Asker: 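Got a structure for you, questions after.
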2 protein chains.
Amino acid sequence: MKERKGAPDEPIRMPITIEEGIDFSIIELMFFAYRDFTSDPDEILADYGFGRAHHRVVHFVNRLPGLTVAELLEVLQITKQSLARVLKQLIDTGHIVQVQGLRDRRQRELYPTAKGRNFLLMLARPQSRRIHAALEGESAAGRLSIERFLKGMVNPELRAQIDHLPGNMSGKDDGKQ
Amino acid sequence: MKERKGAPDEPIRMPITIEEGIDFSIIELMFFAYRDFTSDPDEILADYGFGRAHHRVVHFVNRLPGLTVAELLEVLQITKQSLARVLKQLIDTGHIVQVQGLRDRRQRELYPTAKGRNFLLMLARPQSRRIHAALEGESAAGRLSIERFLKGMVNPELRAQIDHLPGNMSGKDDGKQ
DNA sequence: TAATTTATGTCAACACTGCTGACATAAATT
DNA sequence: AATTTATGTCAGCAGTGTTGACATAAATTA
């Protein structure tokens, strides 16, 4: 019994391409695109002793000032222990302040300070430049396709949440047309 | 001297929207899209005691069978110590085999086994479903816009590399038109 | 042939950011 | 008065990136 149908550890020399209709090309484009998209802020963050998680917190606190800790956890979908580490640092460094809730005094409303707002702008600028460059020459229809695609990649349960963020046309492009 | 121009730790109550022309909406769409895009394979990987790094290695070894360790490091842009950890596990579990280079016997050519190929298909299937759903109803022009955008997000130096992966129309959509 | 460079592997330590489990406090609700 | 809720905190672990140092075998150069 030598070499029956494909010995288990035989090297496969044929590249995978569109097996089963799977588009590996887009899968790896997502990897490359996201890696490079995050690389610019990552470098800046490192200069401040921060990481990517800090960017996310600063981003959403600037986007939704006054949101509570529980709401932030819901948006980020991480545990409170993960958040605590980075949030504490951002508060200690004066980028974010907590304000006790008025209705419910257990809640801590999170707000950016001027320092925190400027910090987000610093992080977002290179990403914005990259986005503008990637959209250069795209028609309005093309841009809509791109936004529709990105939104379509998000789990359906969360799309509503996205619509409620400032500057997003609520309910637009809900999938079917 | 009480409260001059914006006390440093004053909470800012105004949401950030399109300050300086920065599109925060697309920035956070990238975050949500990538997070959910990776969540499906992540769950499967966890069942096998693997992580996202294993997926990447299996992906590129299947896409470029016979590539050397140095070439894989170049594509992934990580250090050999990072790679060593996950590559060793994939070899020990029979997903990948190493073949000594013919021209240069120092090199280790990496190939997937049948097990490794099937594993990649298992990981890629849910991602492919998500992509197809997100592209549903898009015109050919819309799909081109989306691919052009993703490619445009990648650092220019690396775009050539992407073109050389199997199934990618080389040189297509190089930015200018 | 001898010396050097290259491709790869390995050991150790550290950083960041997820996770779980456990426990504490204050405020709201029942 | 008892319970639930919102938040905080301590401790430990996992995955994946990093740097630095050193080892080996094979290729290249002098």
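Below, chains carry the letters A, B, ... as their sequence lines are ordered, and counting in each starts from 1. No experiment lies behind these values; they were computed from the predicted model shown. FYI, side chains are in, hydrogens and waters are out, and symmetry mates aren't considered; it's all heavy atoms of this structure.
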Asker: Rounded off to whole Å, could you give me the CG-to-P distance for the Leu87(B) and dG17(D) pair?
Answerer: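 Taking CG of Leu87(B) and P of dG17(D), I get 13 Å after rounding.
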Asker: Looking at the base of dG18(C), is there any donor atom on it, or on the side chain of Arg52(A), that sits under 3.5 Å from an acceptor on the other one?
Answerer: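 Flag unset: no donor-acceptor pair detected.
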Asker: Nearest whole Å is fine: how far is dG8(D) P from Leu83(A) CG?
Answerer: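 After rounding, the reported distance stands at 8 Å.
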Asker: Rounded to whole Å, how long is the line connecting atom CZ of Arg35(A) with atom P of dG17(D)?
Answerer: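 Atom CZ in Arg35(A) sits about 11 Å away from atom P in dG17(D).
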Asker: Phe119(B): what forms a ring pair (Phe, Tyr, Trp, His ring centres under 6.0 Å) with it, not counting sequence neighbours?
Answerer: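 So Phe119(B) forms a ring pair (Phe, Tyr, Trp, His ring centres under 6.0 Å) with Tyr48(B), Phe50(B), His95(B).
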Asker: For Asp23(A) and Ile26(A), indicate whether the former's side chain and the latter's backbone hold a donor-acceptor pair under 3.5 Å.
Answerer: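 Confirmed, Asp23(A) side chain pairs with Ile26(A) backbone.
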Asker: Sequence neighbours excluded, which residues qualify as side chain to side chain contact (heavy atoms under 4.5 Å, CB included) partners of Ala53(B)?
Answerer: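 Partners of Ala53(B) by the side chain to side chain contact (heavy atoms under 4.5 Å, CB included) criterion, ordered by chain and then number, come out as Val86(B).
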Asker: Could you check Thr68(A) against Gln107(A) for side chain to side chain donor-acceptor pair (under 3.5 Å), going step by step and ending with a plain yes or no?
Answerer: CA-CA 6 Å; Thr68(A) 64; Gln107(A) 294 183 331; 4.8 Å; no
Asker: Atom pairs under 3.5 Å, N or O on each side, protein against nucleotides 20-24 of chain C: can you list them with distances?
Answerer:
{"from": "dG21(C)", "atom 1": "O6", "to": "Gln81(A)", "atom 2": "NE2", "distance (Å)": "2.9"}

Asker: Nearest to the side chain of Arg56(B), heavy atoms from C-beta on, is which of dT17(C), dG17(D), dT7(D)?
Answerer: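 Closest nucleotide to the Arg56(B) side chain: dG17(D).
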Asker: Whole angstroms only, please: what is the CG-P distance between Leu90(B) and dG15(D)?
Answerer: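 It is 13 Å, rounded to the nearest whole Å.
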Asker: Can you get from Ile146(A) to Ile18(B) by hopping between Ile, Leu, Val, Met, Phe, Trp and Tyr side chains that sit under 4.5 Å apart?
Answerer: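 Different clusters.
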Asker: Enumerate the ring pair (Phe, Tyr, Trp, His ring centres under 6.0 Å) contacts for residues 132-163 of chain A, please, sequence neighbours excluded, ordered by first and then second residue.
Answerer: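 Of all non-adjacent pairs touching residues 132-163 of chain A, none passes ring pair (Phe, Tyr, Trp, His ring centres under 6.0 Å).
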Asker: Got a sec, which residues hit side chain to side chain contact (heavy atoms under 4.5 Å, CB included) with Glu28(A), two or more places apart in sequence or on another chain?
Answerer: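 Partners of Glu28(A) under the side chain to side chain contact (heavy atoms under 4.5 Å, CB included) test: Phe32(A), His59(B), Phe60(B), Arg63(B), Leu165(B), Asn168(B).
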Asker: Tyr111(A): which residues meet the ring pair (Phe, Tyr, Trp, His ring centres under 6.0 Å) condition with it, sequence neighbours left out?
Answerer: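 With sequence neighbours excluded, Tyr111(A) shows a ring pair (Phe, Tyr, Trp, His ring centres under 6.0 Å) to no residue whatsoever.
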Asker: Would you kindly check whether a donor in the side chain of Arg85(A) faces an acceptor in the base of dG8(D), or vice versa, at under 3.5 angstrom?
Answerer: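 Answer is no: no donor-acceptor pair is held.
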Asker: Within this structure, what is the CG-to-C1' distance between Asp92(A) and dT9(D), rounded to whole angstrom?
Answerer: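 Value for this atom pair: 14 Å.
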Asker: Starting from P on dT18(D), measure out to CG on Asp42(A) and report it in whole angstrom.
Answerer: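 In whole Å, dT18(D) P and Asp42(A) CG are 12 Å from each other.
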Asker: For the side chain of Gln98(A), counting heavy atoms from C-beta on, which of dT10(C), dG8(D), dT16(D) is nearest?
Answerer: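 When the side chain of Gln98(A) is considered, dG8(D) is the closest of dT10(C), dG8(D), dT16(D).
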Asker: Whole angstroms only, please: what is the CD-P distance between Glu43(A) and dA15(C)?
Answerer: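 The distance from CD of Glu43(A) to P of dA15(C) comes to 20 Å, rounded to the nearest Å.
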Asker: Please tabulate, one pair per line, all N/O donor-acceptor pairs under 3.5 Å involving side-chain atoms of residues 72-85 of chain B, not counting sequence neighbours.
Answerer:
{"from": "Thr79(B)", "atom 1": "OG1", "to": "Ser82(B)", "atom 2": "N", "distance (Å)": "3.4"}
{"from": "Thr79(B)", "atom 1": "OG1", "to": "Ser82(B)", "atom 2": "OG", "distance (Å)": "3.2"}

Asker: Let's see if you get this right: which residues in residues 57-74 of chain B place a heavy atom under 4.0 Å from DNA chain C?
Answerer: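 Those residues whose heavy atoms fall under 4.0 Å from DNA chain C, taken from residues 57-74 of chain B in numerical order, are Thr68(B), Val69(B), Ala70(B).
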Asker: Between dG8(D) atom P and Glu109(A) atom CD, what is the distance in whole Å?
Answerer: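 Checked: the CD to P distance equals 13 Å.
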Asker: Quick one: side chain to side chain contact (heavy atoms under 4.5 Å, CB included) partners of Pro15(B), sequence neighbours excluded?
Answerer: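 Per chain and number, Pro15(B) pairs via side chain to side chain contact (heavy atoms under 4.5 Å, CB included) with Pro65(A), Pro166(A).
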Asker: Give me each pair satisfying salt bridge (charged side-chain N to carboxylate O under 4.0 Å, His left out) with a member in residues 42-62 of chain B, each pair once, sequence neighbours excluded.
Answerer: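 Listed once each, the pairs are Asp42(B)-Arg52(B).
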Asker: I'd like a list of close polar pairs between nucleotides 27-29 of chain C and the protein, N/O only, cut-off under 3.5 Å.
Answerer:
{"from": "dA28(C)", "atom 1": "OP1", "to": "Arg105(A)", "atom 2": "N", "distance (Å)": "3.2"}

Asker: Can any side-chain N or O of Arg130(B) pair as donor or acceptor with the backbone N or O of Met153(A) at less than 3.5 Å?
Answerer: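 Present.
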Asker: Look at Asp163(A) together with Lys151(A) and state whether they make a salt bridge at an N to O cut-off of under 4.0 Å.
Answerer: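 So Asp163(A) pairs with Lys151(A) through a salt bridge.
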Asker: How does DNA chain C read in dot-bracket, base by base from 5' to 3', with Watson-Crick or G-U pairs under 3.5 Å and | used when the partner is on another strand?
Answerer: ||||||||||||||||||||||||||||||
Asker: Think His54(A) has a side-chain N or O under 4.0 angstrom from the OP1 or OP2 of dT17(C)?
Answerer: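 So the side chain of His54(A) is within the cut-off, an N or O lying under 4.0 Å from OP1 or OP2 of dT17(C).
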Asker: Would Leu90(A) and His54(A) count as a side chain to side chain contact (heavy atoms under 4.5 Å, CB included) here? Give the steps.
Answerer: CA-CA 7 Å; Leu90(A) 289 168; His54(A) 298 83; 4.0 Å; yes
